[in-house]
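Here's the structure we're looking at; comments come further down.
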Amino acid sequence: MAMQKHDGVAVIRPGETYVGKQGFTYGAGASMETVGALKVCMNILPMPPRVVAKAHYHEGIETIAYMLEGECAVYYGEHLEKMVRVREGEQCFVAASVPHAPRNESGRRCTWIVVHSSGSDQDGIVLLPELDEELAARLAG
């Protein structure tokens, strides 16, 4: 992603993408990487049907995600033992440092608008591969 020069106001147009540590291709939005944001960022996350994000948390960073279209399960907790279903038009808040893994269990694509309390959505990410295995085994059984 290219840093956009601006005089205090910038418009981010669709088209640029990047692959996040969570395993998805995001639509680049306003962030540290695109406009030099320091304390907040917003990106678009399209999730194909039947895919799951890598289990992770954002150390010290809060997340608010708005479901623009579709629906998705969000597994969360120390062992991803809890789950909420987020439907179109709903928002999901994830407190700082809470392990989570969104999983599109539907047969159609869903699209999130994701906001983090940091300049980059890739800040503070801690991947939890042991929880990926635990969740997959639990859901398979």
Side-chain angles (χ1 to χ4, degrees), residues 1-6 8-141:
M1 291 178 289
M3 170 73 84
Q4 190 180 129
K5 292 183 181 183
H6 60 85
V9 174
V11 174
I12 295 81
R13 294 186 170 78
E16 274 197 75
T17 62
Y18 66 97
V19 177
K21 295 174 189 172
Q22 306 93 317
F24 289 107
T25 299
Y26 289 78
S31 68
M32 183 181 304
E33 294 83 1
T34 59
V35 297
L38 300 176
K39 298 180 182 179
V40 67
C41 67
M42 183 175 80
N43 295 293
I44 307 297
L45 171 57
M47 285 182 73
R50 299 179 184 81
V51 297
V52 62
K54 293 178 182 177
H56 66 285
Y57 64 87
H58 303 263
E59 188 162 347
I61 297 168
E62 296 176 324
T63 302
I64 299 172
Y66 174 79
M67 182 59 69
L68 183 63
E69 66 175 339
E71 71 174 60
C72 189
V74 177
Y75 291 86
Y76 68 101
E78 190 175 327
H79 295 279
L80 302 180
E81 71 280 8
K82 302 173 188 175
M83 187 271 281
V84 294
R85 191 161 308 281
V86 184
R87 292 176 177 82
E88 197 167 303
E90 296 179 336
Q91 297 180 42
C92 180
F93 170 76
V94 180
S97 305
V98 171
H100 58 284
R103 187 171 193 260
N104 185 352
E105 296 174 345
S106 76
R108 60 177 236 189
R109 176 178 120 144
C110 69
T111 303
W112 296 94
I113 298 174
V114 185
V115 176
H116 295 280
S117 63
S118 178
S120 173
D121 75 320
Q122 299 299 292
D123 284 346
I125 290 181
V126 176
L127 296 175
L128 303 164
E130 66 281 4
L131 294 187
D132 290 327
E133 294 173 18
E134 199 173 312
L135 180 61
R138 189 168 61 249
L139 295 175

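These values consider heavy atoms only, across backbone and side chains, with no hydrogens, waters or symmetry-generated copies.
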Determine whether Y57 and V98 satisfy the following criterion, side-chain contact (heavy atoms from CB on, under 4.5 Å), listing intermediate values before the conclusion.
CA-CA 6 Å; Y57 64 87; V98 171; 5.8 Å; no
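Taking CG from L139 and CD from E134, the interatomic distance works out to 10.5 Å, rounded to the nearest 0.5 Å. Once rounded to the nearest 0.5 Å, the distance linking CZ of R87 with OG of S106 reads 11.0 Å. Residue S120 holds its OG atom at 6.0 Å from CE of M32, rounded to the nearest 0.5 Å. Distance CD1/I44 to CH2/W112: 12.5 Å, rounded to 0.5 Å. Atom NE2 of H56 and atom CG of L128 lie 9.0 Å apart (nearest 0.5 Å). With rounding to the nearest 0.5 angstrom, the OH atom of Y66 is 11.0 Å from the CD atom of E69.
When each of L68, V114, D121 is paired with L45, the side chain to side chain contact (heavy atoms under 4.5 Å, CB included) condition holds for V114 and for no other. Checking each of K21, H116, E59, K54 against I125 for a side chain to side chain contact (heavy atoms under 4.5 Å, CB included) leaves exactly one that passes, namely K21. In summary, of the residues considered (L80, V74, V52), a side chain to side chain contact (heavy atoms under 4.5 Å, CB included) with R103 occurs for V52 alone.
Taking the six-membered ring where the residue is Trp, H100 and H58 present parallel rings, their angle staying beneath 30° rather than reaching 60°.
For the pair S97 (side chain) and G60 (backbone), a donor-acceptor distance under 3.5 Å is present. With hydrogens and angles disregarded, no donor-acceptor distance shorter than 3.5 Å links the side chain of E33 to the backbone of S31. With hydrogens and angles disregarded, a donor-acceptor distance shorter than 3.5 Å links the side chain of N104 to the backbone of R108. The main-chain N or O of A65 is never found under 3.5 Å from a side-chain atom of Q91 such that the two would form a donor-acceptor pair. Using a distance-only test at 3.5 Å, with no hydrogens or angles considered, a donor-acceptor pair links the side chain of T34 to the main chain of G29.
Contact detail for V86 and C92: the closest heavy-atom pair is CG2-CB, 3.8 Å. In terms of heavy-atom proximity, A53 sits nearest to A101 at O-CB, 3.8 Å. Annotation for A10 and V35: closest pair CB-CG1, 3.7 Å, computed over non-hydrogen atoms. The two residues I61 and S118 make their nearest non-hydrogen contact at CD1-CB, 3.6 Å. The nearest pair of heavy atoms linking G70 to C110 is CA-CB, 4.0 Å.
Ion pairing between a basic and an acidic side chain is recognised when a charged N comes within 4.0 Å of a carboxylate O; R85 and E105 show such pairing.
Other residues, nucleotides and ligands contribute more than 12 heavy atoms inside 6.0 Å of the CD atom of E130.
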